[in-house]
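Data first, discussion second: the structure below is written as structure tokens.
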Amino acid sequence: MNEHSTSHTLWYTKKASQWVEALPIGNGRLGAMVYGGTDQERIDLNEDTLWSGFPRDTNNYDAIRHLNSARELVANGDFRSSEKLIERHMLGPWHESYMPLGSLLIQQFGLSEEENYHRELDLQTGISTTSFMSEGIIYKRETFVSMPDQLVIVGFSCSKGGKLSLGIKLESLLHSAVRSRGNKELILKGTCPSHVEPNYIEDHPSPILYEEGRGIRFEAHLRVFTTGGSCTVNGEGEIEIREADTLYMCLAASTNFSESGKERIVAEKDLSRVCRQKLNEGSVKTYAELRGRHVQDFRSLMGRVNLQLEETESSLLPTNLRLEAVRSGAEDPQFAALYFHYGRYLLMSSSRPGSQPTTLQGIWNRELRPPWGSNWTTNINVQMNYWLAEVCNLSECHEPLLNWIHRLSLEGRRTAEIHYGCRGWTAHHNVDLWLDSSPANGQAVWAFWPMAGAWLCAHLWEHYLYTLDRNYLEETAYPVMKEAALFCLDWLIRDETSGLLITSPSTSPENKFITEEGEPCAVAKASTLDLLLIRQLFQNCIAAADLLEKDYEYSVELQDALSQLFPLQIGGRGQLQEWAEDFAEWEPGHRHLSHLYGLFPGDLIQIERDRELAAACRRSLELRMEHGGGYTGWSCAWNMALWARLQDGENAHHCFTQLLRSSTFANLFDGHPYMVDTRIDYSKDIFQIDGNFGATAAIAEMLLQSHTEAIHLLPALPEQWSTGKVTGLKARGGFIVGMKWSGGKLLLASIVSLNGGVCRIRSKEELSFEDYSRMDVKVLEDGYYSVVFTTEPGQRFDLKAISHG
């Protein structure tokens, strides 16, 4: 069987009939969706700074006047009144939405009935290919988005000269116009709305608003390169190519959004010059050179990690039929490897150094009112997008988020002071291109949650743990972490009942409990997520300050606050409580698992050390599943990762199967049920990329964990993946790990130490390498083996499992 086709290629024998069947390509800044048509091809285009809105102050200067009243109501147990007060006086305006750039439409003339149709996406090269035969002539089209050349490129070939005849046009849903420049160039110019209401606001009289001089401007320039034949522009403003021998086209795009210090501005910018420059730079290269530069760049990242599992007959099917077979119960372990590589591919394609972070939909959006604004939801979703970055050896792709967190912290200082009178910085559940850190409009259940800064800072610390880049920690990460912790110090108040430190008002993102009056409510005190995030941030700051040998008094202050934090609670059903009180949940199967943050992605609850709390987390998961929890793709993915941390590979694999069966489109995009409040319409599933990324991270977590002091090999290997191999995964401390296993048992492991230092391994099998005397091997109380040895930078160790009969 062909390894390349089953683990690194999505392929189909039919054209895409809808957007969620099209194939995504991108370079972090530019994105495209390729439908793979024959006589009619459509390629939808995106640019990562194309958003509605304009620079404005969204902070609510009246909010702070009502904070004490909201706290008093919570202290008196009048939770609903506090919630109503918050929604009336302490929220802000709706945030903005990510916009679609437009579409490249290609009509191919002279075709009769097509045969041997094939379209594919090669995850190793980042090239989408469509091929077919018509009247004995083989036609082939390749589409890719080049990072080195910052161009969308479409190349055509056929088996007989003079047979390439096309019509080409550009269009956009935004206010725009298209004109030609010469016979081989089209120019699309347009403007974004000054405001777009979120897609879930129904019956709004003006959901899309244009105001002169306020929206982002954009341009896209398309240039055609041909040999042979003729090229003209017709009366409809379309390029017509007749009987060319060879043909390819390049598209450049730019907007006038700009980062200027602390400010996000709509700049005076010669967009035509920017696009022409990119096209001119690309035009001095041949198509083969452009393609080669792109492939070399793409392989340099994609080739770092490889996962192979067992193939079956189902593995040879086209991807859509393969997915259907898995849904029907067919065994296809290698499908998990394909899904894993696809998640890595999507991150590489939507998040590169210099780009914006990947949004709820990566960089791929077709709608003027996209689902949830297609922006950054910071109460789980944007974080989940990047769980895979470090463990999958893509630290560069983490950079857009890390840099964005720093920029957000600058705006978040104003929100912390204006809304709450606190030092440091904060942000809430939703952020757009303009880095609005204030709470959005709507309901407190999602909008009132000033803990985004604390959660986001975990990514800064994780990047350090994987890279051990001390300069990055000192100059970039720690200052932002320290200020987020300052906000938390000021946000904590003394609980009148227990005398301990709590947060109030407090919510657990998007979940509600039932009050004594039988009403649903989101606002209380000391949600478990609040306490976990603050504990994690304080511990990370203390560790960072200790490493950097600075801020001793500040560390003491954090340690003192830690000792007074309200503790985690185990409820009457054996579950980890989501709130300080053991409330009944309004929706027992809720999709968010916020109170389990300490298990994953945090490291506060460790199964070997914190057995009682780990058991309470397990019970919480069981209760969610008993009530239908984990029904959305991203929630399935979080469930997967949580079960992996509990070292339960079977339940983790069950969640993965559920994700494939209930919320995966034909192009393997993750689906999410359309939802307003708690009303769900499963017939209107929408694309959310966090499920793709979260499941990829969970697969890695099933194979490798390093959140404790040891690297744990195959901690949650399910029976279905009993044989396989993986290379290139990254563990904290800067160790590159490879493994081979069979019959559910580890056979070989390789460790490459990037930074040197002590390497600790935890394994079910005893491991040895050539110089056995250098290893400290122990059998732990739970029957696992602990292997410890010292490494030098760049040193590789090949370890072999020792059979014990």
Side-chain angles (χ1 to χ4, degrees), residues 51-71 82-98 194-198 200-201 214 259 262-265 356-357 359-360 372-383 404-457 480 483-484 486-488 490-491 503-507 509-510 522-523 530 533:
W51 288 67
S52 64
F54 58 92
R56 57 179 179 153
D57 184 358
T58 60
N59 287 299
N60 181 350
Y61 288 79
D62 190 48
I64 195 170
R65 293 180 50 245
H66 302 278
L67 177 57
N68 285 337
S69 297
R71 282 175 167 164
S82 182
E83 183 176 62
K84 291 175 182 177
L85 183 148
I86 288 169
E87 292 174 347
R88 279 197 308 269
H89 299 294
M90 299 182 69
L91 303 181
W94 293 115
H95 292 172
E96 297 300 338
S97 300
Y98 180 48
S194 58
H195 179 64
V196 171
E197 289 286 304
Y200 42 85
I201 303 302
R214 282 191 157 176
E259 294 278 355
K262 297 180 181 179
E263 303 298 324
R264 270 65 54 199
I265 62 174
Q356 297 295 319
T359 72
L360 271 173
W372 328 126
S374 189
N375 49 33
W376 295 291
T377 304
T378 56
N379 64 14
I380 174 58
N381 310 91
V382 73
Q383 292 91 335
W404 179 84
I405 293 169
H406 177 262
R407 299 197 306 272
L408 179 61
S409 73
L410 302 178
E411 182 61 33
R413 291 175 186 169
R414 299 185 66 247
T415 298
E417 180 181 2
I418 291 167
H419 277 253
Y420 308 115
C422 294
R423 298 171 295 170
W425 74 277
T426 190
H428 294 75
H429 97 290
N430 192 269
V431 181
D432 58 23
L433 183 72
W434 311 103
L435 299 184
D436 292 327
S437 52
S438 60
N441 204 340
Q443 298 179 19
V445 66
W446 68 75
F448 188 81
W449 183 72
M451 300 302 299
W455 193 332
L456 290 167
C457 280
V480 178
E483 288 216 353
L486 277 175
F487 170 79
C488 291
D490 288 358
W491 181 240
T503 56
S504 178
S506 175
T507 59
E510 308 198 29
V523 174
D530 283 4
L533 290 174

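Along the sequence shown, residues carry numbers from 1.
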Rounded distance (nearest 0.5 Å) linking atom CE of Met90 with atom CG of Asn60: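 With rounding to 0.5 Å, CE (Met90) is 8.0 Å from CG (Asn60).
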What is the distance from atom NE2 of His428 to atom CE of Met451, rounded to the nearest 0.5 Å?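 Between atom NE2 of His428 and atom CE of Met451 there are 10.0 Å.
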Can you name the closest pair of heavy atoms from [X] and [Y] and give their distance?
X      : Y      : answer
Gln383 : Thr378 : NE2-O, 2.6 Å
Leu408 : Ala427 : CD2-CB, 3.9 Å
Gly412 : Ser437 : CA-OG, 3.5 Å
His419 : Ala63  : ND1-CB, 3.6 Å
Leu533 : Ala454 : CB-CB, 4.1 Å
Leu91  : Ala447 : CD2-CB, 4.0 Å

Identify the residue among Asn430, Asp432, Asn381 that makes a side chain to side chain donor-acceptor pair (under 3.5 Å) with Asn375.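 Going through Asn430, Asp432, Asn381 one by one, the side chain to side chain donor-acceptor pair (under 3.5 Å) with Asn375 is satisfied by Asn430 alone.
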Between [X] and [Y] (side chain of the first, backbone of the second, donor and acceptor by atom type, cut-off under 3.5 Å), is there such a pair?
X      : Y      : result
Ser194 : Arg214 : no
Thr507 : Val445 : no
Asp436 : Ser438 : no
Gln443 : Glu87  : no
Asp490 : Gly421 : no

Using 30° and 60° as the class boundaries, would you call the ring planes of [X] and [Y] parallel, tilted or perpendicular?
X      : Y      : answer
Trp51  : Tyr98  : tilted
Tyr420 : Phe448 : perpendicular
Trp446 : Tyr200 : perpendicular

I'd like to check [X] versus [Y] (side-chain heavy atoms, cut-off strictly below 4.5 Å). Are they in contact?
X      : Y      : value
Val382 : Leu456 : yes
Leu433 : Glu96  : no
Trp449 : Glu510 : no
Trp434 : Pro55  : yes
His429 : His95  : no
Pro93  : Arg56  : yes

Have a look at Glu411 and tell me which of Thr58, Val431, Asn59 forms a side chain to side chain contact (heavy atoms under 4.5 Å, CB included) with it.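 Checked Thr58, Val431, Asn59 against Glu411; only one passes side chain to side chain contact (heavy atoms under 4.5 Å, CB included): Asn59.
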Scan Pro439, Ser69, Pro505 and name whichever one has a side chain to side chain contact (heavy atoms under 4.5 Å, CB included) with Ile86.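 The side chain to side chain contact (heavy atoms under 4.5 Å, CB included) with Ile86 is passed solely by Pro505 among Pro439, Ser69, Pro505.
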Within 45° of the six-membered ring axis of Trp425 and under 6.0 Å from that ring's centre, is NZ or CZ of Arg407 located there?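 Pair Arg407/Trp425 does not count as cation-pi.
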Residues that Trp455 engages under ring pair (Phe, Tyr, Trp, His ring centres under 6.0 Å), provided they are two or more places apart: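 Per chain and number, Trp455 pairs via ring pair (Phe, Tyr, Trp, His ring centres under 6.0 Å) with Tyr597.
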